[in-house]
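Here is the naming used below: chain letters follow the sequence lines, and residue numbers restart at 1 for every chain.
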2 protein chains.
Amino acid sequence: MTSARDRPTLEEVARRAGVSRATVSRVVNGSTTVAPPIQEAVRRAVRELGYVPNLAARTLVTQRTDSIALVLPETATRVFSDDPLFPGIVRGVSQELEAADRQLVLMMAGSAASHDRIERYAMGRHVDGVMFASMHGMDPLPGTLARIGMPAVCSGRPLAAGAAAAVPYVDIDHVTGVASAIQHLLDAGRQRIATIAGPQDMVAGIERLAGYRQALRGSRHRSIVAVGDFTRESGAIAMRQLLDDDPALDAVFVASDLMADGALRTLREAGRRVPDDVAVIGFDDAEFARYTDPPLTTIRQPIIDIGREMVRLLLKLAEGKPVEEALILPTHLVVRDSA
Amino acid sequence: MTSARDRPTLEEVARRAGVSRATVSRVVNGSTTVAPPIQEAVRRAVRELGYVPNLAARTLVTQRTDSIALVLPETATRVFSDDPLFPGIVRGVSQELEAADRQLVLMMAGSAASHDRIERYAMGRHVDGVMFASMHGMDPLPGTLARIGMPAVCSGRPLAAGAAAAVPYVDIDHVTGVASAIQHLLDAGRQRIATIAGPQDMVAGIERLAGYRQALRGSRHRSIVAVGDFTRESGAIAMRQLLDDDPALDAVFVASDLMADGALRTLREAGRRVPDDVAVIGFDDAEFARYTDPPLTTIRQPIIDIGREMVRLLLKLAEGKPVEEALILPTHLVVRDSA
DNA sequence: ATGAAAGCGCTAACAG
DNA sequence: CTGTTAGCGCTTTCAT
């Protein structure tokens, strides 16, 4: 087997083609200022030797790697669960990166050790920029990267301390989305509207709960809250708590479709008819939400666009251009049979 | 914002600590041959300056990156579908890489352009080794990488031309697994056993169909074949074809659980009872296969272990140690109500 | 135990 | 249009 070390370098290609290293470099990088016959000679030498540029060497001088990281602070199990968030973000990011001819480096960090490794990786400039999604708590990494000049962008407003270097982010209008859901329930004459909130260490969890509280504040309905962690199972459990809390509730806004699906199961087991006895509204407009029984009324968010916009912001940042601090995408209610 | 270029280098740390670059390098890399007081001085300088090693520079001299790529020649949509193969592989790979303190770089290549970019990325030595899973057709990339000395490992026997540099692989014993499924059906007295095969440009598709044919060859049952592409939808369609072909069939072996789920739907729509009228056996032992109606009898394969073993092989290869050419993991039948 | 010096392979001024 | 030259930031002998 050919060893790693005896691969041809620019130098050897140059010698073989009878030109200088610089000329070979020009040809390899597509400069047009090289005479056609020489170009041909160089290309032949490259082919014959099987030359491939050493990216580390190139990066050392150009200071760029042409690759971008997407960091998901979750375990692989979670990332590949049926939560529609991850595929959506990854698809949006992939599309846009493809167009920019940049390589996507997907990094999952479900543990402290892997989080550290990613920090070293990014700080070490293995990538030209870093995107974060599904962040928990007040992760200082985005701010740290921004501070040392590594372009960073978040999906969802970063919860990190205000003093931190500002990290641009893309998010959706949680509050307005939730407001329209609650309004829909109110219009239908629902009296006791509960909510199953998302985890309170994530922006999406916090904002959607805030939206619920704010929407109810106007009316004289009291709030009834249970908290889940965006998984289907937690939704089922939370629904049970809600039913214990207030057996007479007649509507529930659930902060994710996955949890809403779990809630549906609990309601079915409890003998409640949906939407006759209890109306249910989810959040995400996941594919499967059309096939639940009954199909879920839900709040649609443009997940793919979040991915795309993150890339746009990041590439701008990487070019040193100024970028808006936040980009808030709209949401809208999709009415189906469950409410 | 701090620009990328004015980050401190070893040189500056050295100056600040009043030592040479070499000494700083030793401390940063944990060499023990540095006097404690000097170590302390260096560490302080590193902290004060916020020094982070430039990985490209390090890579240039050490010829290693401490990161490993996992290439999935599929679109993001497919990778994040509910096919249990991907999460399983990624989990196994992650676990093992975590233990080895290597960074996983996950690369999806659903298009020709992205496949090319990955080729450049790997050939350019951005990573120390490359693992491939879910390969289609005769992708020459693994062989090419192996030939230039880049460690490469596949999940599933590579279909590429025999003359190619040998790429070690991890696979499962498809044929034996399928044989036990067919035997189970035969033992139950099934007379007309059909199959829904996987795509014939993938090893798993080819081998499982071969297993089916081989198993039937012994008996005097004729084979009835329809081909899908491992998606749920294709399973539903293939089942319809099968029913048209031979309305009297009383059993079907399906090459993946996802397709089996689709087949179940078609059978239900066609008014066939499972397993009374038609027995169904799937492949993969996906989580959801326990919750289908009826629960699927299926063939379990140790997917996570495939990921782990790929990493083991790769790390060995990267150390220049010899490795076995193939590692075949066992499968076994999990009997549930569908057969 | 520490420092000096020689590259790793490449790009980018700058001359010519 | 092409070659010369000077590094990019780091590790690693080899001396001391």
Atom pairs, N/O to N/O, protein against nucleotides 13-16 of chain C, distance under 3.5 Å?
| residue | atom | partner | partner atom | Å |
| --- | --- | --- | --- | --- |
| C/dA13 | N6 | A/Arg26 | NH2 | 3.4 |

A/Arg64 CZ to C/dT11 P, in whole Å, measures 12 Å
Steps toward salt bridge (Lys or Arg N to Asp or Glu O under 4.0 Å) verdict (B/Arg44, B/Glu40): CA-CA 6 Å; B/Arg44 204 180 50 239; B/Glu40 187 39 48; 5.1 Å; no
If the threshold is 4.0 Å, N to carboxylate O, is there a salt bridge linking A/Asp66 and A/Arg102? yes
Rounded to the Å, how far apart are B/His126 NE2 and C/dG9 P? 16 Å
Residues at least two apart in sequence or cross-chain that pass salt bridge (Lys or Arg N to Asp or Glu O under 4.0 Å) with A/Glu74, listed by chain then number, are A/Arg78
In whole Å, I'd like the distance from the CZ atom of B/Arg58 to the P atom of D/dT12. 9 Å
Of all the choices, D/dC1, C/dG3, C/dG9, which nucleotide is nearest to the side chain of B/Ser20 once you look at every atom? C/dG3
Side chain to side chain contact (heavy atoms under 4.5 Å, CB included) test vs A/Phe86 passes for just one of A/Leu72, A/Leu106, A/Ile303, namely A/Leu72
Using a cut-off of 4.0 Å on non-hydrogen atoms, how would the nucleic acid contact of A/Ile38 be classed: base, sugar-phosphate, or nothing? sugar-phosphate
What integer distance in Å separates A/Gln63:CD from C/dA12:C1'? 13 Å
Note: A/Arg16-A/Glu12 ion pair, threshold 4.0 Å (strictly below): no
Five pairs per end, C1' atoms only: what is the angle between the end axes of the helix from C/dA1-D/dT16 to C/dG16-D/dC1, to 10 degrees? 30°
